[in-house]
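The next block holds one structure in the form of C-alpha cells; read it before the comments.
Fair warning: this is a prediction, and the values are worked out from it, not measured in the lab.
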Amino acid sequence: MTTFHIRRQLRPFCVCSLFAGCRVCAALVAALHSLLVRCRLADVSPLISAAPAGRARTLRDIWFARLARESLVLILRTFLRQAALDRVTYALPPSHESGCVIAVFHMPWARLLASWCCDSDLALIVAGDVWVRRAGGSVVPGGVAGLRRVIRHLRAGGRVVVMADFPRARRGCTIRFLGQPWHASTFPARLAACAGVPLLAWNPSFDRGRLHLDPGPAFAVGSLPEEQEAVTRSVLAYFERTIRERPALWSYSLRLRTAA
C-alpha cells in the first residue's frame, strides 16, 4: 500500500476519531449540566425537557454539536478539510433538480454546509459579509448587486440557500415560533417569487458523524405579500416540528428559555 493510500484512509479516521472525542467530552459536560439543573443552579428550556429523546440524551446531543462545530472550524483549515466535506450527503426531489430557493434554519453545521456548497458548487448561499470571508465565492452578500446575481443564478436553473429563522427581520410577518413571538423574514419566499422558482425546505439530520440534507416540503410562491407570508409561516411551522423532535439540530436550543 502506497503512502498516498495510507494518507487517504487516515484522514477519515482522524475526523471520526475527533468526533468520537467530542462525544466523550459532550457526555461529561451534559452530565454536569444535568446535575446543575437538578440542583436548580441552571435551567433548560421546555424545548429540551420535552424532546422525545429525553432531557439527558438531548443535552448530550446539543453539547456534542457545539464541540463538533468548534472542531470543524479548525478541521476545515487543515489537510482534513476534504475528509470533513465528505461527511455531507444531500438529496433533491426529481422535480426540483434545477432552480429553487432552499430554506434552512441556523444549525451548528452551518460552517460545514457553507464550505461544502462552496466546494461542490451545489448552491449559492445568501448571507452576511462574514460568511463571504469564511466560505468564499459561493456566498453572496446582501445588496442590490448581490440580489441581481442571485436572481440570474436562479433563473438559469441554479439553487440558492437562505437562512429562514431570523427573529427580528425588517420585512416580514409576525408569527409564534417555538413558543415565542417572531417577526419572521419573508425574504426566502419573496426571492422565490421574484425568480419564479419553488421554495424548498431542507430537512437536516446528523447521524454517525454524517450531515444528511434531505428534501422537505416544497412550496410554489405567489407574487402577493399575503401569499408569501403564508408560505413563510408554513416553512417555519415545518422547521418548528423538526426542531422540537431534535433540538440539537438548532444552534440556539440552549438560549431559548420560554419555548412551550
Side-chain angles (χ1 to χ4, degrees), residues 15-75 87 103-113 128 130 134 163-169 172-185 201-213 216 232-260:
V15 174
C16 291
S17 297
L18 188 142
F19 283 155
C22 288
R23 287 212 173 272
V24 172
C25 294
L28 296 175
V29 175
L32 177 60
H33 195 160
S34 295
L35 177 62
L36 293 175
V37 171
R38 288 196 297 270
C39 295
R40 300 183 182 276
L41 297 176
D43 62 350
V44 293
S45 71
L47 173 69
I48 296 173
S49 298
R55 186 177 67 190
R57 171 63 184 274
T58 300
L59 281 174
R60 287 199 300 271
D61 290 344
I62 289 174
W63 281 110
F64 165 74
R66 283 193 159 198
L67 294 172
R69 176 189 63 192
E70 299 305 319
S71 299
L72 283 169
V73 171
L74 299 177
I75 286 177
R87 312 302 292 179
V104 298
F105 53 80
H106 285 82
M107 50 184 158
W109 320 108
R111 179 74 68 91
L112 178 62
L113 174 62
V130 64
R134 288 177 177 176
M163 294 288 184
D165 60 336
F166 288 100
R168 292 176 294 276
C173 57
T174 301
I175 66 170
R176 289 194 69 81
F177 181 67
L178 295 170
Q180 294 187 337
W182 284 51
H183 191 67
S185 174
W202 246 346
N203 178 26
S205 62
F206 193 86
D207 181 52
R208 298 180 182 179
R210 290 188 176 275
L211 175 63
H212 304 278
L213 300 166
T232 298
R233 291 189 174 95
S234 296
V235 169
L236 288 178
Y238 173 73
F239 285 161
E240 179 171 352
R241 292 192 297 271
T242 301
I243 293 168
R244 286 188 183 278
E245 183 74 19
R246 292 166 293 174
L249 292 175
W250 196 47
S251 292
Y252 306 126
S253 292
L254 286 177
R255 300 183 189 179
L256 199 65
R257 288 290 177 265
T258 59

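One finds the OG1 atom of Thr58 at 14.0 Å from the CH2 atom of Trp63 (value rounded to the nearest 0.5 Å). How far OG of Ser34 is from CZ of Arg60: 8.0 Å, rounded to the nearest 0.5 Å. Taken from CD1 in Ile48 to CD1 in Ile62, the straight-line distance is 3.5 Å, to the nearest 0.5 Å. Taken to the nearest 0.5 Å, the CE atom of Met107 stands 13.0 Å off from the CZ atom of Arg69. Note that CZ of Phe239 is 11.0 Å distant from CH2 of Trp202, once rounded to the nearest 0.5 Å. Note that CG of Asp61 and CZ of Arg246 are 10.5 Å apart. Values are rounded to the nearest 0.5 Å.
When every heavy atom of Arg233 is checked against every heavy atom of Thr174, the shortest pair comes out as NH2-O, 3.4 Å. Scanning all heavy atoms of the two residues, the minimum distance from Leu249 to Phe105 falls at O-CE1, 3.4 Å. The minimum heavy-atom distance linking Ala103 with Ala164 is given by the pair CB-CB, 4.0 Å. In this structure, Pro108 and Ala65 approach most closely via the heavy-atom pair CG-CB, 3.7 Å. Residues Cys22 and Leu67 share a closest heavy-atom pair of O-CD1, 3.7 Å. Taking all atoms of both residues into account, the shortest heavy-atom contact from Thr232 to Ala184 is CG2-CB, 4.2 Å.
Distance alone, capped at 3.5 Å, places no donor-acceptor pair between the Arg111 side chain and the Val73 backbone.
Contact of the Val29 side chain with the Leu59 side chain is not registered, since no non-hydrogen atoms from C-beta on lie closer than 4.5 Å. In this structure the side chain of Trp182 never reaches within 4.5 angstrom of the side chain of Leu236, judged on heavy atoms. Looking at Leu47 and Ser253, their side chains come closer than 4.5 Å, going by heavy atoms from C-beta outward.
Classified by interplanar angle (parallel below 30°, tilted 30° to 60°, perpendicular above 60°), the ring pair Trp109/Phe64 is tilted. Using the six-membered ring where Trp is involved, Tyr252 and His106 have ring planes that are tilted, between 30° and 60° apart.
Between Arg244 and Glu240 there is a salt bridge, since at least one side-chain N of the basic residue sits less than 4.0 Å from a carboxylate O of the acidic one.
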- Message: One pair to check against side chain to side chain contact (heavy atoms under 4.5 Å, CB included): Asp165 and Ile243. What are the steps and the verdict?
- Response: CA-CA 12 Å; Asp165 60 336; Ile243 293 168; 5.6 Å; no

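Residues His183 and Phe166 place their aromatic rings such that the two centres sit no closer than 6.0 Å.
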